Number of protein chains: 2
Amino acid sequence: MVAPSLRARVRAGMIEEIKAVARRHLATDGADLSLRAVARDLGMVSSAIYRYFPSRDDLLTALILEAYDALGDAVEAADAAADQDDLRGRWHAAGRAARTWALAHPAEYALLYGSPVPGYAAPDDTVAPAQRPPMTLLGILRDGVATGRLAAPGEDLPEPLRGDVADLVDQTGVALPPALMARGMAGWTQLFGLISFELFGRINRALPHRDEYFDHQIGLMADLIGLP
Amino acid sequence: MVAPSLRARVRAGMIEEIKAVARRHLATDGADLSLRAVARDLGMVSSAIYRYFPSRDDLLTALILEAYDALGDAVEAADAAADQDDLRGRWHAAGRAARTWALAHPAEYALLYGSPVPGYAAPDDTVAPAQRPPMTLLGILRDGVATGRLAAPGEDLPEPLRGDVADLVDQTGVALPPALMARGMAGWTQLFGLISFELFGRINRALPHRDEYFDHQIGLMADLIGLP
DNA sequence: CGCAGTCAAGAGCAGTGCTCTCGCTTTTGA
DNA sequence: TCAAAAGCGAGAGCACTGCTCTTGACTGCG
């Protein structure tokens with residue numbers, strides 16, 4: 001491992017600086033990131049940015065990757081910090097962490113989970129980080145099944161759905177009965193919906209106690225899953 | 001009632017034509033609607049559009065209103081066409097109708113439920129049409145309670161959430177026990193989340209039988225609500 | 001030391017939303 | 001009936017965008 005050259009180091013620093021300014025612009029001005037504005041903030045001319053990012057989409061992709069990782073870190077850390085035997089506590093902790101992160105970084109959340117930008121297609125690097133939050137939730141269920149605290153739902157899934165979900169179980173590597181996997185996915189879907197509704201301002205005008213509402217709705221899904 | 005003048009009629013027709021072309025552009029090119037491109041398609045110059053819509057946002061608002069109404073029509077019609085005593089059938093019919101409409105009009109769905117455009121704030125005219133789909137779902141629950149087919153959940157909501165949801169019940173006019181109201185909202189949240197995940201291409205790469213998956217997940221929420 | 005690679009700057013292209021002015025046509029009201 | 005008013009489309013222009021290409025300066029390696 002050779003030490004990186006000076007030039008490589010200042011280049012890496014420059015990339016970080018561009019991303020930092022871009023993230024700041026994202027937070028203040030919203031999702032329509034202007035490359036020229038970022039360049040202006042850095043005292044550069046817009047074409048200089050292209051030395052570091054081949055296009056605006058590549059800058060966005062870098063920001064998306066970092067955002068996925070930040071969200072994944074938050075959710076995993078919250079889950080890990082909870083009492084590992086308290087499945088319901090872990091479920092709530094993970095959900096709350098996701099919501100807290102989203103409320104603190106609304107523009108980045110919108111970048112991750114909002115409507116896809118027309119011309120933009122997320123590269124494959126993003127799928128693994130994107131799966132960290134749902135995988136964390138499914139991990140709670142996995143632990144529950146493994147320790148006997150969580151039982152599979154009474155009925156199994158009907159075909160052909162059972163086969164699909166069984167394949168999904170194989171791909172994700174989280175050993176779960178298909179019917180339970182489906183309920184876990186419903187929980188993840190609910191979490192996403194709750195956060196999106198709150199962030200995009202749909203119903204919560206009339207709900208002053210948003211924390212309590214969120215906790216209760218997440219708790220409903222814990223009931224559906226059967227978390228003790 | 002006087003007959004509208006010729007000029008007023010061609011003006012109304014022009015407005016409709018602009019909206020139609022804009023809707024077509026939305027469907028093909030995605031959410032970043034270009035006023036100039038719409039004008040080009042109409043053989044006009046871009047400034048002429050401003051005779052009919054004061055700004056691009058106003059055009060978008062008009063499209064949003066129509067989209068909300070189209071979705072509301074679809075959901076309400078599906079609910080009305082079902083056997084009114086079959087609560088579960090109505091639930092599934094309404095959910096399927098929303099999904100079918102969304103899959104047929106992805107760009108318009110993204111306009112309604114995607115990330116909000118930074119500078120854009122939805123005017124008040126949009127809130128009533130926007131509430132039609134969730135109100136339809138809640139109406140199914142209301143009918144269930146009214147006819148004794150649907151019972152309230154065992155426990156009530158804890159304060160202060162109970163008061164919030166009770167206020168929401170009052171505002172919407174759908175007489176429901178707060179705890180049941182919360183579950184109905186969870187169902188609506190799940191429906192939105194399911195459609196968004198499928199449309200924005202998150203998990204369903206691995207689920208070939210999407211219809212069956214959707215039906216099952218919607219059915220899970222019917223279970224949670226307690227629909228017979 | 002010299003040269004290849006890296007860098008920022010500037011000009012420029014095609015596109016955007018939007019404003020304003022200029023003629024032309026239709027509608028309106030005395 | 002006829003002039004004033006209002007509506008309309010075209011065009012020019014402004015400030016902005018992402019992006020490309022060229023130019024000249026600088027740096028660090030062989």
Side-chain angles (χ1 to χ4, degrees), chain A residues 2-19 21-26 28-64 107 111 116-121 123, chain B residues 1-19 21-22 24-26 28-64 107 111 116-121 123:
Chain A
V2 296
S5 72
L6 171 64
R7 185 169 254 168
R9 271 179 294 151
V10 314
R11 180 181 175 82
M14 196 70 201
I15 288 180
E16 285 309 311
E17 203 166 346
I18 292 175
K19 285 197 285 190
V21 172
R23 206 166 14 233
R24 217 182 53 214
H25 266 83
L26 218 55
T28 59
D29 299 352
D32 48 356
L33 182 70
S34 161
L35 231 113
R36 290 178 116 110
V38 172
R40 266 195 302 271
D41 266 27
L42 288 164
M44 292 201 303
V45 98
S46 74
S47 58
I49 300 272
Y50 288 83
R51 294 276 168 198
Y52 302 94
F53 295 94
S55 78
R56 178 175 166 276
D57 280 358
D58 290 86
L59 212 196
L60 279 178
T61 299
L63 295 178
I64 287 174
L111 212 57
V117 186
Y120 178 79
Chain B
M1 164 143 183
V2 295
S5 71
L6 171 64
R7 182 170 253 168
R9 271 179 295 152
V10 314
R11 181 182 173 82
M14 197 70 201
I15 287 180
E16 284 309 311
E17 204 166 346
I18 292 174
K19 286 197 286 190
V21 172
R24 218 182 54 214
H25 266 83
L26 218 56
T28 60
D29 299 351
D32 48 356
L33 183 69
S34 160
L35 228 105
R36 291 178 114 110
V38 172
R40 265 195 302 273
D41 265 26
L42 289 164
M44 293 201 304
V45 98
S46 73
S47 59
I49 301 273
Y50 287 83
R51 295 280 172 197
Y52 303 94
F53 295 94
S55 78
R56 178 176 167 276
D57 280 358
D58 291 84
L59 213 195
L60 279 178
T61 299
L63 295 178
I64 287 175
L111 212 58
V117 186
Y120 178 79

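Every value quoted in this text rests on a predicted model; they were computed, and no experiment measured them. The chains referred to below are lettered A, B, ... by the order of the sequence lines, with proteins before strands, and numbering in each begins at 1.
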Remember a base hit wins even if backbone is also touched, and classify A:Ser55 as base, sugar-phosphate or nothing at under 4.0 Å, heavy atoms.
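Sugar-phosphate, backbone atoms only, no base.
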Which part of the nucleic acid, if any, lies within contact of B:Leu59, taking any heavy atom under 4.0 Å across all strands shown: a base, the sugar-phosphate backbone alone, or nothing?
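Nothing: the residue B:Leu59, judged by heavy atoms under 4.0 Å, touches no strand.
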Rounding to a whole Å, what distance do you find between [X]:[atom1] and [N]:[atom2]?
X	N	atom1	atom2	result
A:Arg9	C:dC7	CZ	P	14 Å
B:Phe53	C:dC18	CZ	C1'	16 Å
B:Tyr50	C:dT16	OH	P	11 Å
B:Leu42	D:dC8	CG	C1'	15 Å
A:Arg56	D:dC19	CZ	P	7 Å
B:His25	C:dT16	NE2	P	9 Å
A:Arg11	D:dC26	CZ	C1'	16 Å
B:Asp57	C:dT16	CG	P	16 Å

Let me know, please, whether A:Arg40 or A:Pro54 comes out on the 5' side of the other along DNA chain D by nearest nucleotide.
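Going by which nucleotide is closer to the 5' end, it is A:Arg40.
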Base C:dG15 to side chain B:Arg36, donor-acceptor N/O within 3.5 Å cut-off:
no
Counting only side-chain heavy atoms from C-beta out, which of D:dG18, C:dC7, C:dT16 sits nearest to B:Ser34?
C:dT16
Return a table of donor-acceptor pairs under 3.5 angstrom between the side chains of residues 35-50 of chain A and protein atoms on other chains or two or more places apart.
| residue | atom | partner | partner atom | Å |
| --- | --- | --- | --- | --- |
| A:Asp41 | OD2 | A:Arg24 | NH2 | 2.7 |

Can you list everything that forms a salt bridge (Lys or Arg N to Asp or Glu O under 4.0 Å) with B:Glu17? Sequence neighbours excluded, please.
none
Tell me whether A:Arg56 contacts the main-chain N or O of A:Leu33 through its side chain, where contact means a donor paired with an acceptor under 3.5 Å.
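It does hold such a pair.
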Residue pair B:Pro123 / B:Thr61, side-chain heavy-atom distance below 4.5 Å
yes
Any side-chain heavy atom of B:Lys19 within less than 4.5 Å of one from B:Tyr52?
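No. Closest side-chain heavy atoms not under 4.5 Å.
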Give each protein N/O atom lying under 3.5 Å from an N/O atom of nucleotides 9-11 of chain D, with the pair distance.
| residue | atom | partner | partner atom | Å |
| --- | --- | --- | --- | --- |
| D:dG9 | OP1 | B:Tyr52 | OH | 2.8 |
| D:dG9 | OP2 | B:Tyr52 | OH | 3.0 |
| D:dG9 | N7 | B:Arg51 | NE | 3.3 |
| D:dG9 | O6 | B:Arg51 | NH2 | 2.6 |
| D:dA10 | OP2 | B:Val45 | N | 3.1 |
| D:dA10 | N7 | B:Ser47 | OG | 3.3 |
| D:dG11 | O6 | B:Ser47 | OG | 2.7 |

Hey, are A:Ser55 and A:Asp58 close enough side-chain-wise for a donor-acceptor pair under 3.5 Å?
yes
B:Leu63 and B:Ala22: which non-hydrogen atoms are nearest, and at how many Å?
CD1-CB, 3.8 Å
